[in-house]
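Here, residue 1 is the first one in the sequence, and each next residue gets the next number. Indexing begins at 1, ligand by ligand and atom by atom, following the structure's order. Bear in mind that the values here come from a model prediction, so they are computed numbers and not experimental data.
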Amino acid sequence: MKILVTGGAGFIGGNYALTMVKKHPEDEYVVLDALTYAGNLETLKDVAGDPNFRFVKGDIRDRELIDRLFAEEQFDVVINFAAETHVDRSVEDPGIFVETNIIGVQNLMDACRKYNVRRFHQVSTDEVYGDLPLDRPDLLFREDTPIHASSPYSASKAGADLLVLAYHRTFGLPVTISRCSNNYGPYHFPEKLIPLMISRALADESLPVYGNGANVRDWLYVTDHCSAIDLIIRKGRVGEVYNIGGHNEKSNLEVVKTILKALDKPESLIHFVKDRPGHDLRYAMDPTKIETELGWKPEYTFDTGIQKTIEWYLNNREWWENIISGDYQNYYERMYRDRQ
Ligand code: NAD
Ligand code: DAU
């Protein structure tokens, strides 16, 4: 199979390419990525020389480039990881989220239709379901939970999901959608909670916890997300949505304290700051469908995954120190100065 992986220089798409290029030498992988602030070619260096891998720099919003690439490559499968992904940035500037996360998806699907791609897979998120109350642990997101997005980011992802399902119903485009809970692991950009806290704790800097830290996320080690997507593109039913998650609910404060303990740093580094506007309270996935239909199972618990992640950040300082020494400093200053 020839597989297009868009957004493959980012966190999850990068882990997907690194794993699958080696796991499936019989398949060809083309990574298309615009290399925005979140994309990093360093992430892909272990597969850069492999015969079944090719990198193309390009923007999914660019219809001409997409058309040329699809004509040239005749893809069998397209997996769309490319997106603007940080909720706080979507609060600051929603426009680019609509452009990339909705218009970009439309461009890809138009090309899939024109070149008879056998499967378009959209990588979506649990955030399209909105949030759950903190005091109802019995409630979980299922595939038939109504869409109810809270932030410009999650609204743009929800818009894309609706468009993907509409292309399936109206044009018969063979699509699948996966909605995953919060990922963590190697190559995670240090604007997101876990790598931000690890990198700041290592430098003995204050750790900005939004609100009272009671918000809950359902964490999944990134390669478990990748194995689920690999199963869906091979065995998933066309037109279906699959939830992905591993029942690892933790409050933000629990996550931050776990990191501090593992790094032997004091809890006095924790600094409660102004809350995120519209901050979702709790996410929790019900992955029964993918487990029973496709036999997917996560390999990592939160305890094993967070240890592996912390070790990776300790052993790969160059990767993240390069990021935080650049424009990231301006980002941190701009994003956090009004939260104090
Ligand atoms: P990321 O921000 O780390 O990476 C996004 C990648 O997309 C970057 O390499 C960036 O350069 C690229 N990109 C952005 N705009 C582009 C454009 N217009 N054209 C081409 N490339 C572009 O994101 P991530 O955390 O790896 O998320 C990947 C996907 O998974 C996203 O669709 C996200 O919504 C979804 N998702 C993420 C999580 C999570 O916890 N991180 C959970 C569920 C779903
Ligand atoms: O649930 C899946 C989603 O997870 C993905 O779709 C998004 O692309 C991804 O960014 C992530 O969104 P979150 O908003 O949950 O992730 P983030 O790492 O930004 O924040 C996790 C929690 O930690 C959230 O409750 C906000 C809080 N937080 C975050 C930062 C960056 C803090 O308390 N302090 C911080 O500095």
Side-chain angles (χ1 to χ4, degrees), residues 5-16 31-41 43-44 56-62 65-66 79-91 96-97 99-101 103-105 107-108 122-129 131 141 150-151 153-154 156-157 160-161 178-185 187-197 200 206-220 222 225-226 229 244-245 250-253 255-256 270-276 279-285 332 335-336 339:
V5 177
T6 66
F11 165 47
I12 307 173
N15 276 283
Y16 187 84
V31 163
L32 173 75
D33 198 294
L35 298 180
T36 68
Y37 79 92
N40 189 343
L41 274 184
T43 299
L44 294 169
V56 177
K57 183 172 188 292
D59 195 317
I60 61 167
R61 294 171 300 168
D62 183 341
L65 177 140
I66 295 292
I79 309 174
N80 180 38
F81 292 91
E84 288 293 334
T85 61
H86 193 33
V87 174
D88 293 325
R89 288 186 193 254
S90 83
V91 175
I96 183 76
F97 285 75
E99 285 177 28
T100 295
N101 298 0
I103 309 288
V105 172
N107 286 344
L108 289 172
Q122 170 67 0
V123 180
S124 185
T125 168
D126 59 358
E127 298 201 12
V128 301
Y129 298 121
D131 62 355
F141 294 136
S150 315
S151 70
Y153 162 69
S154 52
S156 69
K157 293 296 287 186
D161 281 14
S178 53
R179 295 182 180 143
C180 190
S181 61
N182 283 64
N183 285 213
Y184 65 104
Y187 306 107
H188 203 182
F189 195 86
E191 67 189 348
K192 307 283 167 53
L193 180 77
I194 288 180
L196 182 102
M197 297 301 169
R200 288 185 68 83
S206 68
L207 308 185
V209 173
Y210 298 167
N212 60 7
N215 303 61
V216 168
R217 297 293 182 264
D218 183 359
W219 294 97
L220 189 72
V222 61
H225 185 187
C226 296
I229 292 172
I244 308 170
K250 303 277 170 213
S251 74
N252 294 337
L253 205 50
V255 170
V256 174
I270 294 173
H271 188 52
F272 293 99
V273 299
K274 201 166 138 196
D275 211 351
R276 170 185 281 173
H279 197 175
D280 280 335
L281 288 173
R282 169 175 168 252
Y283 304 143
M285 275 305 204
Y332 192 87
M335 194 60 87
Y336 288 85
R339 288 197 191 273

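- Contacts between V87 and ligand 2, counted as non-hydrogen atom pairs separated by less than 4.0 Å, involve the side chain only.
- If you look at F97 next to ligand 1, there are no close heavy atoms at all, none under 4.0 Å.
- Ligand 2 has no N or O atom lying under 3.5 Å from any N or O atom of D88, backbone or side chain.
- Numbered from 1 in the order shown, with element, the atoms of ligand 2 that lie under 4.0 Å from a heavy atom of K192 read 10 (O), 18 (O).
- Checking only distances, Y153 does come within under 3.5 Å of ligand 2, N or O to N or O.
- Residue contacts with ligand 1 include A9, since one of its heavy atoms falls under 4.0 Å from the ligand.
- At the shortest separation from atom 27 (C) of ligand 2 among protein heavy atoms lies N252 ND2, 3.4 Å.
- Among all protein heavy atoms, the one lying closest to atom 3 (C) of ligand 2 is E127 OE2, 2.9 Å.
- Distance from atom 18 (O) of ligand 2 to its nearest protein heavy atom, with residue and atom name: L193 N, 2.8 Å.
- Only the side chain of L196 comes within 4.0 Å of ligand 2, judged by heavy-atom distances.
- For T85, heavy-atom contacts with ligand 2 shorter than 4.0 Å involve the backbone as well as the side chain.
- Looking only at heavy atoms of the protein, atom 26 (C) of ligand 2 is closest to H279 NE2, 3.4 Å.
- Distance from atom 34 (N) of ligand 2 to its nearest protein heavy atom, with residue and atom name: P208 O, 2.8 Å.
- The shortest N or O to N or O distance between T125 and ligand 1 is not under 3.5 Å.
- Taking distance alone, with nitrogen or oxygen atoms compared against 3.5 Å, N182 approaches ligand 2 more closely than that limit.
- For N182, no nitrogen or oxygen atom sits less than 3.5 Å from a nitrogen or oxygen atom of ligand 1, counting backbone and side chain alike.
- Checking Y332, Y210, F272 against atom 30 (C) of ligand 2, the nearest heavy atom belongs to Y210.
- Taking distance alone, with nitrogen or oxygen atoms compared against 3.5 Å, D126 approaches ligand 2 more closely than that limit.
- In terms of protein heavy-atom proximity, atom 36 (O) of ligand 2 is nearest to Y336 OH, 2.6 Å.
- Distance from atom 14 (O) of ligand 2 to its nearest protein heavy atom, with residue and atom name: R276 NH1, 2.6 Å.
- Ranked by closest heavy atom to atom 29 (C) of ligand 1, the top entry among Y184, F81, Y37, F11 is F81.
- With a 4.0 Å cut-off on non-hydrogen atoms, L35 touches ligand 1 through its backbone and not its side chain.
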